Trainee: 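Starting off with a structure, shown below.
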Amino acid sequence: MTGAQHFLDLDDAQRPALEALIVRAHAFKKGVPDAGVRLRGRTIVGMFFEPSTRTANSFAVAAQQLGAHWLAFDTGGSSMSKGESIEDTARTIAAIGADAIVVRHQESGFPHALARHFNGAVINAGDGWHAHPTQGVLDAMTLVEELGSLEGRRLVIAGDIRHSRVARSSARAMWLLGARVTLCAPPLLLTLSAPGWGFADLATDLDKCLPTADALMLLRIQKERVDASELPPFEDLTGGYGLTLARMAKLPPHAVIMHPGPVNRGLEIDDSLVTHARSRIERQVQNGVYARMAVLERCLRPLERAAAGRA
Ligand code: ASP
């Protein structure tokens with residue numbers, strides 16, 4: 001298919017393009033009359049090599065809301081498990097008529113490699129430690145909905161920064177919109193490599209960060225990317241930043257709590273706070289559908305939306 005656009009990361013994203021996606025996501029949330037036919041006749045393949053509840057299902061719903069066919073590729077039962085290369089898999093998926101692939105993989109850069117061989121749109125649904133760009137869009141959308149402009153607002157992201165692709169993409173999205181971002185973690189879970197993080201402040205004491213935060217986003221320890229034998233027991237780590245009622249009281253009254261999920265209750269966030277009035281965790285999931293509708297439309301109808309001055 002010609003004219004498709006990939007959506008691989010937010011590394012080179014520009015503020016107007018991100019703002020336009022958020023405006024469009026809000027429009028989908030309010031109701032776009034022809035939403036159900038925007039991608040009529042298109043086929044979108046979901047390839048999830050890592051587990052996913054929120055991302056896979058919200059992409060499937062987003063595709064269906066736009067009138068597209070969603071085909072869940074069985075990664076375990078595919079010929080990749082028989083040694084088929086990325087290149088041949090991409091060609092095969094193109095040959096069956098797919099217009100886009102939504103891909104999640106444990107290797108950083110896998111979606112980029114797939115994009116080199118697929119003649120349609122490739123959308124990154126999370127690659128290793130690297131990026132989760134639609135999470136960045138939905139988190140920014142949720143915070144814009146909450147605070148209006150993000151200019152000068154302070155977002156604190158606390159938890160396993162080092163192994164988190166969400167931290168990378170969401171921090172970048174909020175920063176692009178003018179927010180000040182603080183990444184907070186015990187030293188063992190803080191990023192070791194500065195490149196790409198120059199825009200954010202680093203902190204190790206969450207209690208000091210809370211009084212000036214407009215939003216606090218918590219992250220679980222990314223157990224699948226961590227060698228647990230190199231870390232102290234997880235409870236010892238999360239004790240220093242896990243959100244409790246006492247810690248929440250240090251936030252300004254307007255500040256909200258976010259988490260990309262899945263939540264590890266009792267570790268990075270107290271059980272009672274997950275559905276607290278100040279939690280926007282379910283709102284993030286709900287907004288994920290609209291943010292992904294905006295991304296799918298952008299990738300599959302880029303020229304038309306640009307020409308209409310709406311992209
Ligand atoms: N669901 C997010 C991700 O896929 C966050 C997480 O798994 O902790 O990266």
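None of these values were measured; they are calculated from a predicted model. Each ligand, and each atom within it, is numbered from 1 in the order the structure gives.
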Trainee: Establish, yes or no, whether the cationic atom of R116 lies under 6.0 Å from the six-membered ring centre of F118 and within 45° of the ring axis.
Mentor: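 Judged by the rule (NZ or CZ under 6.0 Å from the ring centre, within 45° of its axis), R116 is not positioned above F118.
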Trainee: Contact between ligand 1 and G126 is defined here as a heavy atom of the residue under 4.0 Å from a ligand atom; is it met?
Mentor: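 No, that is not the case, since the closest heavy atom of the residue is not under 4.0 Å from the ligand.
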Trainee: What do you reckon, does Q222 have a nitrogen or oxygen under 3.5 Å from a nitrogen or oxygen of ligand 1?
Mentor: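 Between Q222 and ligand 1, an N or O pair is found under 3.5 Å apart.
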Trainee: Determine whether the side chain, the backbone, both or neither of R104 has a heavy atom under 4.0 Å from any heavy atom of ligand 1.
Mentor: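 For R104, the contact with ligand 1 is made by the side chain alone.
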Trainee: How close do A125 and F59 get, heavy atom to heavy atom, and via which atoms?
Mentor: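 Distance-wise, the nearest heavy atoms are CB-CE1, 4.0 Å.
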Trainee: Specify the closest pair of heavy atoms between M293 and A35, including all atoms of both residues, with the distance to one decimal.
Mentor: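 So the minimum-distance heavy-atom pair works out to CE-CB, 4.4 Å.
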Trainee: Shared ILVMFWY cluster between I86 and V45, side chains joined below 4.5 angstrom?
Mentor: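 Yes; V45 is reachable from I86 via cluster members.
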Trainee: Run the ring-centre check on F73 versus F48 and record whether the distance is less than 6.0 Å.
Mentor: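 Ring centroids of F73 and F48 are no less than 6.0 Å from each other.
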Trainee: Write out the residue and atom name of the closest protein heavy atom to atom 4 (O) of ligand 1, then the distance separating them to 0.1 Å.
Mentor: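 Among all protein heavy atoms, the one nearest atom 4 (O) of ligand 1 is R165 NH2, 2.8 Å.
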Trainee: Is there a heavy atom of E50 sitting under 4.0 angstrom from any atom of ligand 1?
Mentor: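 It does not; every heavy atom stays at 4.0 Å or beyond.
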Trainee: If you have a sec, work out which protein heavy atom is nearest atom 5 (C) of ligand 1 and how many Å separate them, to one decimal?
Mentor: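 Heavy-atom neighbour on the protein nearest atom 5 (C) of ligand 1: G261 O, 3.2 Å.
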Trainee: By number and element, which atoms of ligand 1 are closer than 4.0 Å to a non-hydrogen atom of R220?
Mentor: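 Reading through ligand 1 atom by atom, the close ones are 6 (C), 7 (O), 8 (O).
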Trainee: Who passes salt bridge (Lys or Arg N to Asp or Glu O under 4.0 Å) against D271, sequence neighbours left out?
Mentor: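 With sequence neighbours excluded, D271 shows a salt bridge (Lys or Arg N to Asp or Glu O under 4.0 Å) to R265, given in chain and number order.
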